[in-house]
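What follows is a single structure, written as structure tokens, with notes after it.
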Amino acid sequence: MFTSILTTTTEALSVTNAIVCMVSSLALGIAIALTYMYSKKYTKNFVVTLVLMPLLVQLVIMMVNGNLGTGVAVMGAFSLVRFRSVPGSSKEISFIFFAMAVGIATGMGFITFAAAATAAICLVFMALYKSGFGDNAASERSLKITIPENLDYTNVFDDLFEKYLKSSDLLKVKTTNLGSMFELHYDVVLKNLEEEKALLDDIRCRNGNLTIICSRKHAQNEEL
């Protein structure tokens with residue numbers, strides 16, 4: 001009789017602990033998703049994935065529960081996910097690992113540690129994003145310049161680029177107008193955003209007032 005009561009109590013405590021872990025995983029997943037949404041570039045599918053990922057990983061960890069064979073099988077199943085998904089950006093992959101780490105922590109019962117780690121990492125991400133740490137995109141431009149065929153495109157703008165740009169990279173040279181003109185395509189980084197017009201004015205004087213197109217670079221995902 002006493003053994004039966006003890007077993008029932010233990011099972012009730014286990015169920016209660018599991019529910020607490022599940023609720024904690026879901027709450028932390030929502031916090032991670034909200035932090036990701038802070039960057040203002042996201043899709044609904046990925047945000048929902050971030051919410052559910054800690055809960056799913058936590059359930060898997062609780063099911064494994066120290067069983068080596070089951071753990072190896074689960075690891076193999078997770079490894080197959082990589083081959084059935086579209087490559088993501090470095091930020092997306094980082095958040096996937098973030099959500100998985102939180103799920104592992106809650107699955108092992110370290111709820112307080114998981115909450116503290118989530119809060120710390122979310123604050124660090126928002127601080128780095130808000131400060132513009134490592135952000136060079138605002139001053140990056142795609143520059144297309146048309147010049148007559150009698151100009152030597154290899155160094156015709158070197159002095160102007162040195163004056164106004166941090167860096168320049170000639171990506172492509174294209175002949176146009178039946179070969180009477182060259183079209184130069186550059187990736188450039190401005191020293192000062194306020195001097196963009198001055199740069200274009202100086203280039204117009206150099207290329208005979210032919211067409212110049214200066215535009216923001218298209219965002220590119222940094223795949224890992």
Side-chain angles (χ1 to χ4, degrees), residues 32-47 49-50 82-99 121-224:
I32 294 171
L34 290 173
T35 303
Y36 180 83
M37 292 167 65
Y38 184 77
S39 65
K40 296 181 175 58
K41 293 180 181 179
Y42 57 87
T43 62
K44 182 176 180 178
N45 287 340
F46 189 74
V47 170
T49 299
L50 288 179
R82 176 65 182 84
F83 300 100
R84 298 187 59 83
S85 60
V86 178
S89 69
S90 54
K91 183 182 73 172
E92 291 169 344
I93 294 174
S94 297
F95 269 84
I96 287 292
F97 277 112
F98 181 15
I121 295 174
C122 289
L123 288 174
V124 169
F125 171 81
M126 288 189 290
L128 291 175
Y129 185 85
K130 190 70 175 178
S131 66
F133 177 79
D135 186 11
N136 202 30
S139 57
E140 291 182 350
R141 295 288 186 273
S142 291
L143 185 62
K144 184 168 72 174
I145 307 172
T146 303
I147 63 172
E149 62 176 346
N150 62 334
L151 283 181
D152 182 6
Y153 62 81
T154 56
N155 56 15
V156 63
F157 300 114
D158 284 357
D159 57 330
L160 299 181
F161 287 173
E162 184 176 354
K163 179 180 178 181
Y164 293 106
L165 304 179
K166 291 180 182 178
S167 65
S168 63
D169 187 16
L170 179 59
L171 301 179
K172 182 171 65 174
V173 178
K174 175 184 175 183
T175 59
T176 186
N177 199 20
L178 299 178
S180 62
M181 296 179 185
F182 289 111
E183 204 173 77
L184 312 179
H185 295 254
Y186 294 90
D187 273 350
V188 301
V189 180
L190 299 169
K191 289 181 180 179
N192 187 346
L193 290 175
E194 296 179 357
E195 294 183 339
E196 182 175 348
K197 183 180 182 304
L199 169 64
L200 299 183
D201 288 340
D202 286 349
I203 292 176
R204 286 196 304 117
C205 294
R206 191 71 56 86
N207 79 334
N209 207 28
L210 294 174
T211 302
I212 303 171
I213 299 176
C214 184
S215 59
R216 288 183 178 272
K217 290 183 63 178
H218 294 294
Q220 296 179 346
N221 285 339
E222 298 175 1
E223 296 179 1
L224 292 179

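Keep in mind it's a predicted model, so treat the numbers as computed, not measured.
One finds the OG1 atom of T146 at 7.5 Å from the CG atom of L184 (value rounded to the nearest 0.5 Å). Remark: L199 CG to L165 CG distance equals 5.5 Å, nearest 0.5 Å. Separation of atoms OG (S167) and CG (D187) is listed at 8.5 Å; rounding is to 0.5 Å. In this structure, CD on E162 lies 10.0 Å from OG on S168, to the nearest 0.5 angstrom. Taking CZ of R204 as the start and OG1 of T211 as the end, the distance is 11.5 Å to the nearest 0.5 Å. The line from CG of L160 to CG of N207 is 10.5 Å long, rounded to the nearest 0.5 Å.
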> Does the pair F182 and K174 meet the rule for a side chain to side chain contact (heavy atoms under 4.5 Å, CB included), with working shown?
Replying inline: CA-CA 6 Å; F182 289 111; K174 175 184 175 183; over 6 Å; no

>> Between F98 and Y36, is the ring pair (Phe, Tyr, Trp, His ring centres under 6.0 Å) condition met? List the steps.
In response: CA-CA 11 Å; F98 181 15; Y36 180 83; over 10 Å; no

> Going through the distances and angles, do L143 and L200 end up as a side chain to side chain contact (heavy atoms under 4.5 Å, CB included)?
Replying inline: CA-CA 10 Å; L143 185 62; L200 299 183; 4.1 Å; yes

>> Working note: T175 + M181, criterion side chain to side chain contact (heavy atoms under 4.5 Å, CB included); need CA distance, chi angles, decisive distance, verdict.
In response: CA-CA 6 Å; T175 59; M181 296 179 185; over 6 Å; no

> Going through the distances and angles, do T43 and N45 end up as a side-chain hydrogen bond (donor to acceptor under 3.5 Å, both in side chains)?
Replying inline: CA-CA 6 Å; T43 62; N45 287 340; 5.8 Å; no

> Going through the checks in order, is the side chain to side chain contact (heavy atoms under 4.5 Å, CB included) test met by V188 and D169?
Replying inline: CA-CA 6 Å; V188 301; D169 187 16; over 6 Å; no

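With sequence neighbours left out, the salt bridge (charged side-chain N to carboxylate O under 4.0 Å, His left out) criterion links E196 to R141. Taking the ring pair (Phe, Tyr, Trp, His ring centres under 6.0 Å) definition, one finds that F97 meets it with nothing, sequence neighbours left out. Taking Y164 as the reference, D202 meet the side chain to side chain donor-acceptor pair (under 3.5 Å) condition, with sequence neighbours excluded.
With a 4.5 Å cut-off on side-chain heavy atoms, I147 and F157 count as touching. Counting heavy atoms from C-beta on, the side chains of H185 and L170 never come closer than 4.5 Å.
By the neighbour-count criterion of 12 heavy atoms within 6.0 Å, atom NZ of K191 is densely surrounded, having more than that number from other residues, nucleotides or ligands. Around the CZ atom of F46, the shell of radius 6.0 Å holds more than 12 heavy atoms that belong to other residues, nucleotides or ligands.
Among all heavy-atom pairs drawn from Y186 and Y153, the shortest one is OH-O, 3.9 Å. Nearest heavy atoms, C122 versus I32: SG-CA, 4.5 Å.
Aromatic rings of F125 and F95 (six-membered ring for Trp) have centroids within the 6.0 Å cut-off, being under it.
Between K163 and D158 there is no salt bridge, since none of the side-chain N atoms of the basic residue sits less than 4.0 Å from a carboxylate O of the acidic one.
For R206 (side chain) and V156 (main-chain N/O), a donor-acceptor pair under 3.5 Å exists by modelled atom type.
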